[in-house]
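The chains referred to below are lettered A, B, ... by the order of the sequence lines, with proteins before strands, and numbering in each begins at 1.
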Protein chains: 2
Amino acid sequence: MSKKILDVLNGTTLTPPPLWMMRQAGRTLPEYRQLRQKAGHFLNLCYNPDLACEATLQPIRRFDFDAAIIFSDILVVPHALGRHLDYKIGEGPVMDPLNPQDIENLKSDEALEKLEPIFKALQQVRQNLKNDKALIGFCGAPWTVATYMIAGRATSDQAPARLFLYQQPQKMKKLLEILADISADYLIKQIEAGADLVQIFDSWAGQLDEKGFDFCAVEPVKRMVKRIRRRFQDVPIIGFPRGAGLFYQDYAQKTNVTALSLDWTVPLDFGSQLQNQVPIQGNLDPQRLLAGGQALKEGVEAILTKLGSKPLIFNLGHGVEAKTPLAHIEKMIDIVSARGNPQG
Amino acid sequence: MSKKILDVLNGTTLTPPPLWMMRQAGRTLPEYRQLRQKAGHFLNLCYNPDLACEATLQPIRRFDFDAAIIFSDILVVPHALGRHLDYKIGEGPVMDPLNPQDIENLKSDEALEKLEPIFKALQQVRQNLKNDKALIGFCGAPWTVATYMIAGRATSDQAPARLFLYQQPQKMKKLLEILADISADYLIKQIEAGADLVQIFDSWAGQLDEKGFDFCAVEPVKRMVKRIRRRFQDVPIIGFPRGAGLFYQDYAQKTNVTALSLDWTVPLDFGSQLQNQVPIQGNLDPQRLLAGGQALKEGVEAILTKLGSKPLIFNLGHGVEAKTPLAHIEKMIDIVSARGNPQG
């Protein structure tokens, strides 16, 4: 049985399009909230293969999505490199801010070993996932990971990392290269462990200026794609440079990713143009899903109408909100499925 | 003596381009920090014509910028409408979150009267400003003001306001219309008090999806421009839909603003295309100015090279950072000025 998402990533148009949701394994589900409570610290969940496998499979059991995405976090990579990481309730991740002199002390050699439980989790998921479901591996893009490492937390425009880039471009280059190589190897190991495709999340790509975008968002991901392709020529790689706006087109061309995930601010006509270049994933505003009703219906239908006749993976334009009612997710799935039905 | 900025806004290309900085009146200047301490509460500074006039003139005295922008805050409008507003150190503005039923209680009738001290401040500035300097009035765009009113504070993606839009589109429309009308009247009064041009700051325009952008960012500003034009046909209006990316072009066409201010993420070739349509202001990353050195030089020169041969007002792509060294600002001014000098 073929995996629909892989067909789309190979350039096939499917009606209805396959569907999954960014952050589908997580706080939206009551069964996840139970699991989280049992696990205690958030990182226990990421580093325990049984628990991570369970969290990964929960949304598939409930919603029968076309793909499972491994339960993990983009900051396990800097954590594995030896940086301190904690999660504070209501604040999100907190790290010790990175100083330039810390870069040479990053423990690249030991990192993959520390990430071993995640590869085990992928193997377990693959064993428990039906053959027609794709398994997605992922990591943060070097720039986004660097922004958290430098600022120590998320800020509204990641100004500390931009300042670091401008003040110490050579140090930033070094940091991004270290992150690119370890992240590519991390994705390679995820593929070896059973991932059918991988996605690179660059959540803060939209805060860079033109030269900065090329230096921080394009070059490191291009480097990653090359490194992954040397080992796996055909495994699809989805790039998600959130907020890249006018840079999306260049990004696809220069990095050589297989497909683009579009955030909710991308106009659909532009998305349709991009589909002439690569398959597209996205891009419903998660707030429309949270709101439900007419806003949800309108949003889903606009995407299906404008992007549905070329290769599309239906998804959100960012992670699902924790408080999203499950009935709204079911409604979204119903509307998308109805597109393949002549009565729909 | 003609005002250079007005010439550019009329379609003239000037070499070197005129220059001012968003948030130039403020914490970057030691003389402002003194004034702020004297004033006590931040709002005392906005509502005291002598102090606001002084804060407005400080950057002109120090840097001889081509324009003064009235010292104020975008949230004085909801404050004048009767909403509670406070400024907490390290947190920025805090308001009581707006509920839908609060909308009908907004005190539009009394608002302009409450804003009277700001008009007085403009008159004072005009009396103390040389004739070749432009005086800029401003306000927040309805969407951006609404995001603060609804969430009660800035959030990284203004999700609460997006949810409000999707759940209560009619209430949101009403709120945006109220804000559009009072904001237009507020700008009209600023022009009557001596502003040569006005700028509408839509700092959170970049968080909207396609339909949302039209509804929340385009329509209210179009309504404002119409209302202002009925009173002042020719006063230039600069639109600044920060982060609008792919929507910038549409925004200029549909709202009928005179010129666009571009944030730092806009690629310069796209900026140059926009210049065929309207004069452009911008767009140096404020972090480049904070960093200084090569990053500053490169950033300034790229803008001058790509945008300098069509109508340009040199500016930052967002407000100047509080910790920016004054020497960096002087350096930026030097590089820009050198462009008009055959030896430069």
Q | Pick from Ser156(B), Ala295(B), Gly212(B), Ala159(B) with the largest number of heavy-atom pairs that fall under 4.5 Å of chain A | A |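 Max contact count across the listed options: Ala159(B).
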Q | Top of Phe164(B), Phe247(B), Phe213(B) for chain A proximity - count of heavy-atom pairs under 4.5 angstrom | A | Phe247(B)
Q: Name the member of Asp269(A), Leu246(A), Asp263(A) that forms the most heavy-atom pairs with chain B at distances under 4.5 Å.
A: Leu246(A)
Q: Under 4.5 Å, counting heavy-atom pairs only, tell me which of Thr265(A), Leu268(A), Leu165(A) racks up the most with chain B.
A: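 Among Thr265(A), Leu268(A), Leu165(A), the one with the most close pairs to chain B is Thr265(A).
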Atom group of [X] that falls short of 4.5 Å from chain A, counting heavy atoms:
X         : answer
Leu208(B) : backbone
Ala302(B) : side chain
Gln207(B) : both

Q: Let me know if Leu296(A) has heavy atoms under 4.5 Å from chain B in its side chain, its backbone, both or neither.
A: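 Neither; nothing under 4.5 Å.
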(Q) I'd like to check Arg162(A) versus Trp264(B) (side-chain heavy atoms, cut-off strictly below 4.5 Å). Are they in contact? (A) yes
Q. How about Arg33(B): does its CZ atom have over 12 heavy atoms from other parts shown lying under 6.0 Å from it?
A. yes
Q. Which residues from residues 272-293 of chain B are near chain A, with near meaning under 4.5 Å between non-hydrogen atoms?
A. Asp285(B), Pro286(B), Gln287(B), Arg288(B), Leu290(B), Ala291(B)
Q.
Nearest 0.5 angstrom please: Tyr166(A) OH to Glu298(B) CD, how far?
A. 9.5 Å
Q: Please list, in residue-number order, every residue in residues 303-318 of chain A that has a heavy atom less than 4.5 Å from any heavy atom of chain B; write 'none' if there are none.
A: none
